[in-house]
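Numbers for residues simply follow the sequence, beginning at 1. Note that this is a predicted model, so its numbers are computed, not measured.
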Amino acid sequence: MKPDYKLVAKAKYIHTTADLASELWHEVYKRYFPAKELDALVEQLQSPEAIEEDMDRDVNYFLVFLGGKVVGYFAWKMENTSLHLMHLYLKPEYRGKALGRDIVLSCERLARGEGKGRVWCTVHEKALPVQQFFKELRYRNLRAAEPEESGAARSELLFEHTL
């Protein structure tokens with residue numbers, strides 16, 4: 001069964017995405033952040049308002065459906081010379097089934113078709129399985145991600161694939 005990707009454009013889907021993001025971020029990041037800090041991060045970065053602000057800045061969010069069920073989401077933004085894969089999260093029971101790989105490869109095809117030279121993303125420095133996932137797709141770990149505009153340090157690594 002092939003997944004369907006549905007562009008998030010209506011308020012209903014923005015809220016569905018935010019609810020899914022909260023569920024998945026709490027599952028993925030609970031080992032890296034204290035509960036209150038994680039709640040604040042989700043509210044700041046993946047609340048309905050934050051997703052809507054991202055969309056206003058040309059970020060494209062997609063819900064991933066498999067057999068009519070929402071199983072994950074991803075988001076990307078086209079930049080000058082690259083496609084920035086900003087989010088890729090799948091429910092635990094759908095990981096390891098090539099869905100993530102297919103999403104990344106779709107993003108690469110899209111970037112190539114738009115004349116972009118690379119796809120890049122950031123990965124938490126302690127998320128070793130995710131780092132391995134990108135390495136298997138020929139992504140290179142370039143360096144630690146730049147600090148936020150606020151000056152806050154980030155515990156993320158920059159991964160890149162040249163097309």
Could you tell me which residues satisfy side-chain contact (heavy atoms from CB on, under 4.5 Å) with E43, sequence neighbours excluded, listed by chain and number? S47, E49
Output all residues satisfying side chain to side chain donor-acceptor pair (under 3.5 Å) with Q131, sequence neighbours left out; order by chain, then residue number. none
Any side-chain heavy atom of F159 within less than 4.5 Å of one from T122? no
Heavy atoms, side chains only, cut-off 4.5 Å: are S106 and Y5 in contact? yes
Under the rule for side chain to side chain donor-acceptor pair (under 3.5 Å), what residues qualify as partners of T16, not counting sequence neighbours? none
Might you work through the side chain to side chain contact (heavy atoms under 4.5 Å, CB included) test for L137 and H161, ending with a clear yes or no? CA-CA 8 Å; L137 292 172; H161 177 65; over 6 Å; no
Please report the shortest heavy-atom distance between A111 and L163, naming the atom on each side. CB-CD1, 3.6 Å
Contacts of K12 that satisfy side chain to side chain donor-acceptor pair (under 3.5 Å) - sequence neighbours left out: none
Those residues that, when tested against E160, pass salt bridge (Lys or Arg N to Asp or Glu O under 4.0 Å) (two or more places apart): R118, R140
When rounded to the nearest 0.5 Å, the distance separating CG of L157 from CG of N141 is 5.0 Å
Mind checking who shares a hydrophobic cluster with I51, ILVMFWY linked at side-chain heavy-atom distances under 4.5 Å? V8, Y13, I14, L20, L24, W25, V28, Y29, Y32, F33, L38, L41, V42, L45, M55, V59, Y61, L63, F65, V70, Y73, M86, Y89
Selection residues 34-56 - residue pairs positive for ring-ring contact (aromatic ring centres under 6.0 Å, His included), sequence neighbours left out: none
May I ask you to decide if A75's main-chain N or O and H87's side chain share a donor-acceptor pair within less than 3.5 Å? no
For the student: nearest non-hydrogen atoms of L88 and G100, plus distance: CD2-O, 4.0 Å
Those residues that, when tested against R101, pass salt bridge (Lys or Arg N to Asp or Glu O under 4.0 Å) (two or more places apart): none
Looking at D54 and R57, is there a salt bridge between them, counting it only when a charged N and a carboxylate O are closer than 4.0 Å? yes
With sequence neighbours left out, what residues match D102 under side chain to side chain donor-acceptor pair (under 3.5 Å)? none
Would a distance-only check, ignoring hydrogens and angles, find a side-chain to backbone donor-acceptor pair under 3.5 Å from K77 to L85? no
Among all residues two or more places apart in sequence or in another chain, which pass the salt bridge (Lys or Arg N to Asp or Glu O under 4.0 Å) test with R31? none
Side chain proximity check, F133 to V104, heavy atoms < 4.5 angstrom: yes
State the CG-CZ distance between D4 and F62, to the nearest 0.5 angstrom. 12.5 Å
Can you pull out every salt bridge (charged side-chain N to carboxylate O under 4.0 Å, His left out) where at least one residue sits in residues 91-100? Sequence neighbours excluded, please. E27-R95
Report yes if the side chains of H124 and S155 come closer than 4.5 Å at any heavy-atom pair, otherwise no. yes
Taking a hydrophobic cluster as the set of Ile, Leu, Val, Met, Phe, Trp and Tyr residues connected by side-chain heavy atoms closer than 4.5 Å, whether directly or through intermediates, do V130 and I103 fall within one such cluster? yes
Contacts of L110 that satisfy side-chain contact (heavy atoms from CB on, under 4.5 Å) - sequence neighbours left out: W76, M78, L83, E114
Close side-chain approach of S22 to H26, heavy-atom, < 4.5 Å: yes
Quick check: is L142 connected to V123 through a chain of hydrophobic side chains (ILVMFWY, heavy atoms under 4.5 Å apart)? no
Grouping I, L, V, M, F, W and Y whenever their side-chain heavy atoms are under 4.5 Å apart, do L99 and F134 come out in a common cluster? yes
